[in-house]
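Values in this document were obtained by computation on a predicted structure and should not be read as measured data. Naming convention: chains lettered A, B, ... in sequence-line order (proteins, then strands); numbering from 1 in each chain.
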Number of protein chains: 2
Amino acid sequence: MPKIVDKDAMRERILDAAENAFHRDGITQVRMVDIAAELSVAKGTIYLYFPSRAELIAALVTRFFKSAENPLAAAPPAPSLEAFQKMILQMVTASSPDESTLLRFFSIFGAELKNPDISTPLAAYFDMLAEALGAELSRLAPNMPDPTQTARALVSVIDGLMLHRGLFGHNADIDTTKRLITAILSSP
Amino acid sequence: MPKIVDKDAMRERILDAAENAFHRDGITQVRMVDIAAELSVAKGTIYLYFPSRAELIAALVTRFFKSAENPLAAAPPAPSLEAFQKMILQMVTASSPDESTLLRFFSIFGAELKNPDISTPLAAYFDMLAEALGAELSRLAPNMPDPTQTARALVSVIDGLMLHRGLFGHNADIDTTKRLITAILSSP
DNA sequence: TCTTTTAATGACTTGACGGTCAGAAAAGCA
DNA sequence: TGCTTTTCTGACCGTCAAGTCATTAAAAGA
């Protein structure tokens, strides 16, 4: 007899709305009413699903890193160093800045980077990426001096390229980026 | 006969206090009273020097980029590509994370990256850096395919390395970083 | 259709913070 | 020491957004 809604789905919809609004207008500019409006519901509804703004934001952080699984795992292992280079290049240039999870994350949580709740999972995410890259590197370029270190540095480099691409709309043309990545990934 | 204070010096002291507080506690956490307390003055005093919180922040942004002049201009022009590589390496690894102007900037204004008041001068700063790097590159490595593009990409790369170094205390060891930079800066 | 239970609403409350300003204090000259 | 001008102070005000809750709406079985 009662009205029933899918609570989990509604939570997700609220998180989606919040994420969009934060990304579009900046986390400090977005009020609870704005998130509600984004969903065409009343403010009170938000509070049926999240006890406070802070907890909503915490849930958003959690979700970010749950979804941010290893993008390398999805793709089939690269058959050669050349193919691997190409894949990295894709990673940097393929996604339009607005789709970039990382940029989205920065634009929302940039100011909270000193907050361990934010920086710890972020650091873990980059380490995970580096580990996966390092394993591929060892396999594909056995002569590479220090694959673990190289992979971690490569992650920093990729992040820098993506960030600038996203933030400043700067598109180092594909050729240049390719040349850079090739240079880095070629055994000395 | 009147009490006289150095207005400009006081403005600087207020900006210093604000910058420290923002850096330490996060810009959203810091209230006007907190900035005043940092200086052991009353809140009203701040308003004798800045008409509003927004203008204080704007002044801080301006100051950031006034002080962040071209770090390349300071150093004498590199006599060789090798020397240039060494200088870039210094740039990435020398300053301790906490002294890094750029990291300080990010930790304060990270969330405001979508705000043109913030992103415009930041983009201009990176472009200025890229231009300077590009000029040096053209001079030192005439064979380099597209020095302008390469320089801009190099700036992204350097920023990525510095950011990760600062944010995650990750120190790609000097050798690895050196190898990366050498690889990028060697004509193909 | 009526009834019951859950879900949604939005006017209202509360507290916090930016900004003001009348009065107090400080400085320095006569 | 008094006098004048500048500077500082902090209680107060207004606004605005988070969070509450009495009331209304929606769903669906009897």
Side-chain angles (χ1 to χ4, degrees), chain A residues 1-62 108-109 111-112 115 117-118, chain B residues 1-63 108-109 111-112 114-115 117-118:
Chain A
M1 47 279 270
K3 173 179 181 180
I4 299 290
V5 306
D6 184 334
K7 295 262 179 65
D8 291 342
M10 186 62 170
R11 270 179 69 98
E12 290 302 310
R13 291 182 58 216
I14 292 171
L15 290 178
D16 289 342
E19 192 184 315
N20 284 334
F22 288 166
H23 182 55
R24 188 183 56 243
D25 301 326
I27 192 167
T28 55
Q29 294 306 307
V30 176
R31 298 159 303 160
M32 296 301 273
V33 246
D34 298 323
I35 297 172
E38 184 97 5
L39 266 175
S40 308
V41 298
K43 182 169 55 148
T45 306
I46 307 286
Y47 286 92
L48 297 175
Y49 296 87
F50 296 94
S52 69
R53 179 184 165 86
E55 296 235 18
L56 190 158
I57 288 173
L60 202 53
V61 174
T62 305
I108 295 176
F109 295 112
E112 300 294 322
N115 177 345
D117 289 350
I118 306 291
Chain B
M1 42 296 263
K3 177 180 178 180
I4 299 291
V5 305
D6 183 334
K7 293 263 179 66
D8 290 342
M10 185 62 169
R11 268 179 71 97
E12 290 302 309
R13 289 182 61 216
I14 292 171
L15 289 177
D16 290 341
E19 192 184 316
N20 285 333
F22 288 165
H23 184 55
R24 188 182 56 242
D25 301 325
I27 191 167
T28 56
Q29 295 306 308
V30 176
R31 297 159 303 161
M32 295 303 271
V33 245
D34 298 323
I35 298 172
E38 183 97 8
L39 267 175
S40 310
V41 298
K43 183 169 56 150
T45 305
I46 307 283
Y47 286 92
L48 297 175
Y49 295 88
F50 296 93
S52 69
R53 178 185 165 88
E55 295 235 21
L56 190 159
I57 288 172
L60 201 53
V61 174
T62 305
R63 194 177 72 156
I108 294 178
F109 294 111
E112 300 293 323
K114 303 290 289 269
N115 176 346
D117 291 350
I118 307 292

Nearest-Å distance for atom pair CG/P, residues L39(B) and dT7(D): 16 Å
G44(A) or K7(A), whichever maps to the more 5' nucleotide of DNA chain C: K7(A)
Length of the line joining R53(B):CZ and dC16(D):P, which is rounded to integer Å: 16 Å
Between dG19(C) (C1') and I14(B) (CD1): distance, integer Å: 15 Å
Distance, rounded to the nearest Å, where I46(A) contributes CD1 and dA18(D) contributes P: 11 Å
Rounded interatomic separation in angstrom, taking CE from M10(A) and C1' from dT6(C): 13 Å
Residue met sooner reading DNA chain D from 5', once L48(B) and P51(A) are mapped to nucleotides: L48(B)
D34(A)/R31(A) ion pair, N-O < 4.0 Å: yes
Distance (rounded to the nearest 0.5 Å) between T28(A) OG1 and I27(B) CD1: 8.5 Å
Out of dT9(D), dA27(C), dA27(D), whichever nucleotide has its closest atom nearest the side chain of K3(B): dA27(C)
Out of dG19(D), dG18(C), dA17(D), whichever nucleotide has its closest atom nearest the side chain of R31(A): dA17(D)
Shortest side-chain distance from A42(B), nucleotide among dT6(D), dG10(D), dC8(D): dG10(D)
Nearest to side-chain heavy atoms of Y49(A), which nucleotide of dA7(C), dG18(C), dC8(D): dA7(C)
Cationic N near anionic O, under 4.0 Å, E38(A) to R24(A): yes
Carboxylate-amine/guanidinium proximity below 4.0 Å for R11(A) and D8(A): no
L56(A) CG - dA17(D) P separation (whole Å): 17 Å
Nearest-angstrom distance from the residue atom CD1 of I4(A) to P of dA25(D): 20 Å
Close side-chain approach of L60(A) and F22(A), heavy atoms under 4.5 Å: yes
Y47(B) OH to dC21(C) C1', straight-line distance once rounded to whole Å: 14 Å
